[in-house]
Amino acid sequence: MTPDRAAGLAETRRALADGDVTSRALVEQALARIEATQPTLNAFRIVRAEAALAEAEAADRELAAGVRRPLLGVPVAVKDDMDVAGEPTAFGCRGDFPPVAADGEAVRRLRAAGAVIVGKTNTCELGQWPFTEGPAFGETRNPWDTGHTPGGSSGGSAAAVAAGLVPAALGSDGAGSVRIPASWTHLIGIKPQRGRISTWPRGEAFHGITVNGTLARTVADAALLLDSASGNHDRDPHRPPALTVADAVGRDPGRLRIALSLKPPFTAVPARLHPEIRARVTELAEMLAELGHVVEEADPPYGQIGLTFVPRATAGIAEHVREAPDPALLDRRTRDAARLGRLLGGAPLRVARRAEAVLHRRIGAFFESYDVILAPTTAAPPPRIGALYKLGGLATDRAMIAACPYAWPWNVLGWPGVNVPAGFAGPGLPVGAQLLGPANSEPLLVSLAAQLEAELRWHERWPPERRTEPTKAG
């Protein structure tokens with residue numbers, strides 16, 4: 001791998017352990033890549049140059065002494081909704097956010113694994129939308145075509161990994177916010193089981209719909225980062241059984257029953273699947289059949305699952321708005337969503353939470369007939385920069401639902417999903433497909449994703465070198 005693009009996570013770890021490269025050299029290269037691309041991609045909100053170099057030198061001393069940890073000396077990035085000690089957590093918002101005193105649990109575990117956090121990546125305001133633009137930081141652009149969004153809300157993490165600025169990054173997923181940008185930037189995006197990676201200091205981010213997940217170019221790298229960040233704070237309310245997901249990479253998944261589900265869950269807004277995405281996902285289904293799996297079209301019994309999503313999402317926004325240093329600086333759409341969240345935060349929220357058990361039973365019964373669901377990750381290719389940013393509240397909701405109707409039900413359920421690259425639509429714009437499973441099915445999904453990767457070799461394709469003058473959002 002050239003210094004212009006990061007090697008993979010596993011490859012970097014081996015090179016460090018073998019003494020072929022130093023952590024300081026890797027971090028210096030990552031910082032140089034970030035600086036060179038920030039005017040065009042704008043992937044990072046905060047770059048920890050001085051701190052990261054000091055941490056790299058400490059990692060080099062450990063490596064020289066024979067210490068080995070899973071990610072010792074490896075540079076990674078995290079989304080700017082995660083606490084990193086000494087840095088503000090602005091979560092895409094304007095305002096004077098104070099530095100936090102302690103790492104969040106996911107960041108603490110990455111550090112315990114030896115990772116060097118080079119920076120915090122851009123996200124839209126409070127992670128609400130499938131684009132990464134806002135007055136606090138401008139717009140983050142897609143490395144495959146800088147005229148288009150990388151998606152959101154983990155768009156900065158996706159852009160950073162897709163462009164090779166870092167080998168892997170953490171994001172968060174409350175309605176597809178790892179899987180959507182992964183699909184639009186040709187990456188693996190793992191949304192794990194709720195509680196697999198702690199969201200502490202928020203035990204239940206957005207009332208349980210948001211989880212932390214991983215973005216990487218390969219299944220092995222995404223699984224390795226997942227294992228390194230996994231684990232719970234003592235006060236976490238959700239504590240799934242421990243798994244070593246990376247062990248599933250290369251494991252034969254067996255002959256699976258796979259449901260190809262092209263119909264989006266019911267929403268009040270019509271959603272039409274783009275014909276090229278339909279074709280790409282169908283081609284993946286055909287590949288799975290060639291690999292020996294039984295594939296047939298079938299849709300889960302979602303019912304009115306959307307009624308359980310809105311109270312949890314908007315009540316979560318209301319909580320963040322209450323904590324903002326200056327709510328008047330927030331997007332009007334954010335303030336309107338918070339107002340709705342305050343209305344729905346009582347009895348409607350309690351009803352929505354109780355409904356989850358019913359949904360688990362009903363949709364869980366679907367997995368008595370099928371092992372895995374294959375579905376589109378989005379209904380549309382990545383929109384152009386600015387296409388959604390300047391819309392009003394209702395128009396934003398309609399456009400968002402029309403483009404991204406497939407991902408959010410798995411946030412209500414709290415179950416795992418993995419985006420895999422499905423190819424391209426239009427003029428070289430990446431699109432993806434989801435592998436969805438029941439509770440704690442990460443190893444099965446990862447083994448299936450790795451089987452596809454071995455055939456399709458999607459990680460060997462990089463974004464083209466392009467130059468586009470950046471513009472400011474607003």
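Counting only N and O atoms by type, the side chains of D227 and T244 include no donor and acceptor under 3.5 Å apart. In summary, the side chains of N232 and S198 do not present any donor paired with an acceptor at a separation below 3.5 Å, with no hydrogens or angles considered. No side-chain N or O of S157 forms a donor-acceptor pair with one of K79 less than 3.5 Å apart. Looking only at atom types and distance, the side chain of H320 has no donor-acceptor partner in the side chain of Q128 under 3.5 Å away. Inspection of the H238 and Q193 side chains reveals no N or O donor paired with an N or O acceptor under 3.5 Å.
Here the rule is salt bridge (charged side-chain N to carboxylate O under 4.0 Å, His left out) with E356, and of R350, R361, R362, R194 only R194 fits it. Looking at N411, T210, I180, N212 one by one, the single match for side chain to side chain contact (heavy atoms under 4.5 Å, CB included) with D173 turns out to be N411. Of the residues I188, V249, L448, the one that meets the side chain to side chain contact (heavy atoms under 4.5 Å, CB included) test with E453 is I188.
Side chain of R68 to backbone of L63: a donor-acceptor contact under 3.5 angstrom is found. A donor-acceptor contact shorter than 3.5 Å is absent between the side chain of D80 and the backbone of T89. When atom types are taken as modelled, the side chain of S154 and the backbone of S172 share a donor-acceptor pair closer than 3.5 angstrom. A donor-acceptor pair under 3.5 Å links the side-chain atoms of R257 to the main chain of E368, judged by distance alone. R45 places no side-chain N or O within 3.5 Å of a backbone atom of T123 that could act as its donor or acceptor partner. A distance-only check finds a donor-acceptor pair linking the side chain of T140 to the backbone of N42 [under 3.5 Å]. H293 contributes no side-chain N or O that, together with a main-chain N or O of V295, makes up a donor-acceptor pair within less than 3.5 Å. The closest donor-acceptor contact from the side chain of W184 to the backbone of G432 lies at 3.5 Å or more, if one exists at all. Judged by distance alone, with hydrogens and angles left aside, the side-chain atoms of S177 form a donor-acceptor pair with the main-chain N or O of S153 at under 3.5 Å. Under the 3.5 Å distance criterion, the side-chain polar atoms of D221 are matched with a main-chain donor or acceptor of A10.
Counting heavy atoms from C-beta on, the side chains of V161 and V166 come closer than 4.5 Å. Residues E105 and R108 have side chains in contact (heavy-atom distance under 4.5 Å, counting atoms from C-beta outward). A heavy-atom distance below 4.5 Å is not found between the side chains of P430 and T185. The closest side-chain heavy-atom distance from I373 to Q434 is not below 4.5 Å. Side-chain contact between L444 and L435 is absent, with no heavy atoms from C-beta onward closer than 4.5 Å. Proximity of L452 to L291: side-chain heavy atoms (C-beta onward) are separated by under 4.5 Å at one or more points. At a threshold of 4.5 Å between non-hydrogen side-chain atoms, the residues I209 and W408 do not count as touching. The side-chain heavy atoms of P264 and L273, taken from C-beta on, include no pair separated by under 4.5 Å.
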Test log, rule side chain to side chain contact (heavy atoms under 4.5 Å, CB included), inputs W410 and I363: CA-CA 10 Å; W410 246 243; I363 299 174; 4.2 Å; yes
Yes or no on side chain to side chain contact (heavy atoms under 4.5 Å, CB included) for L374 and L260, after CA distance, side-chain angles and deciding distance? CA-CA 5 Å; L374 171 67; L260 172 61; 3.9 Å; yes
Evaluate side chain to side chain contact (heavy atoms under 4.5 Å, CB included) for V74 paired with V116, printing each intermediate quantity in order. CA-CA 6 Å; V74 179; V116 177; over 6 Å; no
Side chain to side chain contact (heavy atoms under 4.5 Å, CB included) for S447 and D252? Distances and angles first, verdict last. CA-CA 7 Å; S447 66; D252 186 351; over 6 Å; no
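Between W200 and H233, the ring-plane angle classifies as parallel under the 30° and 60° cut-offs. Using a 30° and 60° split on the angle between ring planes, H360 and W415 fall in the parallel class, below 30°.
A salt bridge does not link E297 with K263: every distance from a Lys NZ or Arg NE/NH1/NH2 to an Asp or Glu carboxylate oxygen is 4.0 Å or more. Salt bridge annotation for E11-R14: absent, with no cationic side-chain nitrogen under 4.0 angstrom from a carboxylate oxygen. Salt-bridge annotation for K120 and E87: absent, with no side-chain N of the basic residue lying under 4.0 Å from a carboxylate O of the acidic one.
G151 and T132 make their closest contact through O-OG1, 2.7 Å (heavy atoms, listed as atom of the first residue, atom of the second, distance). Residues G176 and A407 come closest through the heavy atom pair CA-CB, 3.6 Å. Taking all atoms of both residues into account, the shortest heavy-atom contact from A375 to V281 is C-CG1, 4.4 Å. Across all their heavy atoms, V446 and A248 have their closest contact at CG1-CB, 4.2 Å. Counting all heavy atoms, side chain and backbone alike, T378 lies closest to S183 at CG2-OG, 3.6 Å. A pairwise comparison of heavy atoms in A43 and L165 identifies CB-CD1, 4.3 Å as the closest pair.
In this structure, OG1 on T214 lies 12.0 Å from CZ on R196, to the nearest 0.5 angstrom. Going from atom CH2 of W129 over to atom OG1 of T396 covers 7.0 Å, rounded to the nearest 0.5 Å. One distance of note links NE2 of H186 with CG of N142; it measures 11.5 Å at 0.5 Å rounding. From N419, atom CG reaches atom CG of L215 across 9.0 Å, with rounding to the nearest 0.5 Å. In this structure, Q451 CD and L456 CG are separated by 10.5 Å, a value rounded to the nearest 0.5 Å. Once rounded to the nearest 0.5 Å, the distance linking CD1 of I197 with CE of M82 reads 7.5 Å.
Stacking of R217 on the aromatic ring of W462 is recorded, both the 6.0 Å distance cut-off and the 45° axial limit being met.
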